[in-house]
Number of protein chains: 2
Amino acid sequence: MTVTPETETPPARGKRPKQGEPVIDRALSLLAVFSDRRRALTLSELARYADMPAPTALRLIARLVAWGALERLDDGRYVVGVRLWEVASLSPRGHGVREIALPYLEDLFEVTRHHVLLAVRDNEQAVLIERLSGKDATEVAYRVGGRAPLRSTAIGLVLLAGADQQFQETILKRPPENEPGVPEMPEGQLRRTLSDVRRTGIAMIRRTVPSRTVSVASPIFDAQGSVVASLSIVVPDGSTPPNVLAPAVRAAARAVSRNLGHQAVVSADARTHSQG
Amino acid sequence: MTVTPETETPPARGKRPKQGEPVIDRALSLLAVFSDRRRALTLSELARYADMPAPTALRLIARLVAWGALERLDDGRYVVGVRLWEVASLSPRGHGVREIALPYLEDLFEVTRHHVLLAVRDNEQAVLIERLSGKDATEVAYRVGGRAPLRSTAIGLVLLAGADQQFQETILKRPPENEPGVPEMPEGQLRRTLSDVRRTGIAMIRRTVPSRTVSVASPIFDAQGSVVASLSIVVPDGSTPPNVLAPAVRAAARAVSRNLGHQAVVSADARTHSQG
DNA sequence: CAATACTATTCCAACCATTGAAAGAACCCT
DNA sequence: AGGGTTCTTTCAATGGTTGGAATAGTATTG
């Protein structure tokens with residue numbers, strides 16, 4: 001008796017993994033594969049990291065390339081395209097604040113000759129928008145387009161202190177992350193720190209890794225009074241004292257804020273003076 | 001036998017305009033709506049400009065917002081998001097060349113105190129990657145992330161001269177575009193100009209609109225010897241003569257090229273010298 | 001030089017995400 | 001109150017989307 005071999009395999013095509021995810025999400029997950037370490041990727045790498053079959057990846061990538069979101073190199077690998085960069089340059093919180101802040105960052109840099117950083121918050125991290133660095137400045141961990149933690153950097157603390165209350169609570173209730181080179185803060189101390197940052201307009205953090213540095217940061221406000229960005233300076237520990245840097249950083253941040261339409265609250269002292 | 005009444009109305013819902021366009025293309029066309037003049041858009045504006053029904057636009061936009069490609073403002077309008085900017089910062093031809101070239105652009109700017117521009121070619125236009133401008137510099141038409149024509153700007157001519165032969169022919173056969181303030185070049189003259197640019201490594205153009213300026217540009221090569229970018233300086237006509245600017249611009253462009261791994265061809269003269 | 005392993009591409013039938021008219025909700029203006 | 005606009009939800013039909021399989025191409029190894 002001849003038994004047809006396929007009697008036992010009804011779900012031959014049945015196992016469709018992940019089918020059903022929106023196309024856009026898949027396309028975006030392809031873009032998300034790119035990172036500092038992965039700037040040029042092959043089809044199979046993209047498919048593997050984005051967790052989808054090669055034919056599917058290829059089809060999506062073809063659309064992205066046609067539009068210019070990705071570009072194909074001579075060796076067949078894919079990179080992020082200029083067209084995407086072009087659209088992204090219209091991002092108000094990306095290139096937008098950068099354009100407005102740049103002259104003041106440059107002033108600060110010219111005066112101090114140390115790292116000057118500009119960052120905005122995206123979700124639970126700070127995204128570095130601009131960095132000015134002298135060729136002889138100390139090593140710094142973060143690159144433009146990169147991310148930094150909120151709780152263990154001065155630039156991040158400023159953004160955290162200026163975030164909406166609900167978000168702050170979410171972060172505060174997390175167990176303190178254990179980052180090397182930065183003393184970890186328990187919830188209570190962190191609360192006090194954030195309060196101080198709001199009152200003084202200055203955040204300060206000492207690091208020992210990757211090198212011994214002091215960072216001083218100050219918030220940038222928009223016309224509505226929300227903290228939209230954070231401006232920071234990073235100097236080798238032991239060079240310029242933080243209390244000398246603070247006024248310069250604050251002044252630069254306020255200048256940017258004013259350009260964004262923020263009406264600074266004049267302190268009682270100053271008002272008394274102008275009245276007297 | 002009962003005849004069903006719908007025998008005469010098969011195309012009841014049949015008129016589905018534009019249905020069938022790939023989802024990704026639609027999503028990308030939403031991104032493409034944003035421009036210098038349109039940085040914050042409402043749902044209906046996006047739907048109108050991208051030419052799709054509001055519900056469809058809403059659904060797509062929701063995915064884009066979830067990922068971070070777009071962000072929603074308090075007033076309900078949408079803007080390009082930081083997440084997109086972050087990925088775009090990995091674009092080799094965008095932020096990539098910019099990072100490598102920036103120090104040399106700054107040197108050139110410090111010395112001359114005039115507009116210094118960096119651009120790459122995307123299709124039939126130049127895309128401005130970076131611009132350094134003094135606060136007192138002359139008015140210039142182009143912003144970072146913006147586009148400039150290839151044939152009527154110095155920075156564009158350099159990119160055109162360095163493009164593959166086939167592409168150049170396509171452009172050359174076009175009727176000369178009539179841009180105000182720039183003398184239009186017939187095909188023959190343009191051919192000669194491009195040849196000169198390749199030979200001398202310098203392009204020069206005088207404009208009268210929006211102001212009387214002279215632009216001098218020079219190509220940036222990669223390790224394979226391809227022209228990947230163009231570096232330009234724009235000065236008021238009558239200030240520094242172009243033949244004085246040319247060496248500085250060429251030197252800066254060569255410095256960037258070297259950093260990209262380009263092995264410059266040493267001229268016969270120089271070789272003779274080193275041998276003697 | 002064949003064998004092996006990997007990557008890239010084409011093909012196609014099943015299928016489910018996608019679609020957009022319709023209707024309702026929420027705001028304007030006047 | 002009412003006409004006009006924008007935003008949002010719903011839902012059934014359907015065509016774009018899907019991924020296994022097969023094929024072609026390319027690099028590596030014995």
Side-chain angles (χ1 to χ4, degrees), chain A residues 4-6 8-31 33-34 38-67 69-79, chain B residues 4-31 33-34 38 40-67 69-79:
Chain A
T4 48
E6 66 262 60
E8 269 292 308
T9 51
R13 287 216 175 187
K15 192 208 60 171
R16 300 223 163 182
K18 261 234 173 160
Q19 206 197 29
E21 200 182 2
V23 197
I24 303 190
D25 290 11
R26 291 172 164 229
L28 292 173
S29 76
L30 281 171
L31 292 183
V33 169
F34 290 90
R38 309 192 211 282
R39 289 174 186 246
L41 296 163
T42 64
L43 168 63
S44 49
E45 284 171 333
L46 277 162
R48 190 161 50 244
Y49 294 134
D51 192 27
M52 62 180 79
T56 301
L58 180 63
R59 202 172 345 106
L60 300 182
I61 289 170
R63 305 310 316 147
L64 294 171
V65 169
W67 188 79
L70 296 181
E71 292 172 4
R72 189 158 202 196
L73 302 180
D74 293 336
D75 61 8
R77 291 183 302 168
Y78 298 93
V79 296
Chain B
T4 47
E6 66 265 39
T7 45
E8 268 294 307
T9 51
R13 287 216 177 187
K15 195 209 59 169
R16 301 222 162 179
K18 257 224 175 176
Q19 203 196 30
E21 201 182 2
V23 196
I24 303 190
D25 290 10
R26 291 172 165 229
L28 292 172
S29 76
L30 282 170
L31 292 183
V33 169
F34 290 90
R38 309 193 211 281
L41 296 162
T42 64
L43 168 64
S44 49
E45 284 170 331
L46 276 162
R48 190 161 49 246
Y49 294 134
D51 189 28
M52 63 179 79
T56 300
L58 180 64
R59 200 166 354 101
L60 300 182
I61 289 170
R63 305 310 314 147
L64 293 171
V65 169
W67 187 78
L70 297 181
E71 290 172 6
R72 189 159 203 192
L73 301 179
D74 293 335
D75 61 9
R77 289 184 303 167
Y78 298 93
V79 295

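In this text, all values refer to a predicted model and were calculated from it rather than measured experimentally. Within every chain, numbering begins at 1; the chains are lettered A, B, ... in the order of the sequence lines, protein sequences first and strands thereafter.
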> Which parts of nucleotides 4-9 of chain C does protein reach within less than 4.0 Å, heavy atoms only, written one letter per nucleotide 5' to 3' as B for base, S for sugar-phosphate only and - for none?
Replying inline: ---SSS
> How does protein reach along nucleotides 24-30 of chain C, written 5' to 3' as B (base within reach of a heavy atom under 4.0 Å), S (only sugar-phosphate), or - (no contact)?
Replying inline: -------
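Contact annotation: A:Thr56 side-chain N/O to D:dG19 OP1/OP2 distance is under 4.0 Å.
Rounded to an integer number of Å, the gap from CZ of B:Arg77 to P of D:dT6 is 14 Å. In this structure, CG of B:Leu60 is placed 11 Å from P of D:dT17, rounded to the nearest angstrom. Distance B:Asp25 CG to C:dT19 P: 11 Å, rounded to the nearest Å.
Taking 4.5 Å as the limit, some side-chain heavy atom of A:Glu45 sits within range of a side-chain heavy atom of A:Tyr49. Looking at heavy atoms from C-beta onward, B:Val65 lies out of side-chain contact with B:Glu71 at the 4.5 angstrom threshold. Using a 4.5 Å heavy-atom threshold, the side chains of A:Leu70 and A:Leu30 count as separate. A 4.5 Å side-chain heavy-atom check between A:Leu64 and B:Ile24 finds at least one atom pair inside the cut-off.
With hydrogens and angles ignored, no donor-acceptor pair under 3.5 angstrom links the side chain of B:Arg26 to the base of D:dG16. Contact of A:Arg59 with D:dG16 (side chain to base): no donor-acceptor pair of N or O atoms is detected under 3.5 Å.
Tested against B:Tyr78 for a side chain to side chain contact (heavy atoms under 4.5 Å, CB included), the candidates B:Thr42, B:Leu43, B:Leu41 yield a single pass: B:Leu43.
At least one cation-pi condition fails for A:Arg39 and A:Phe34: the charged atom is not both under 6.0 angstrom from the six-membered ring centre and inside a 45 degree cone around its axis.
Between the CE atom in A:Met52 and the CZ atom in A:Arg59 there is a gap of 10.0 Å [rounded to 0.5 Å]. To the nearest 0.5 Å, atoms OG (B:Ser44) and CG (B:Leu58) are separated by 11.0 Å.
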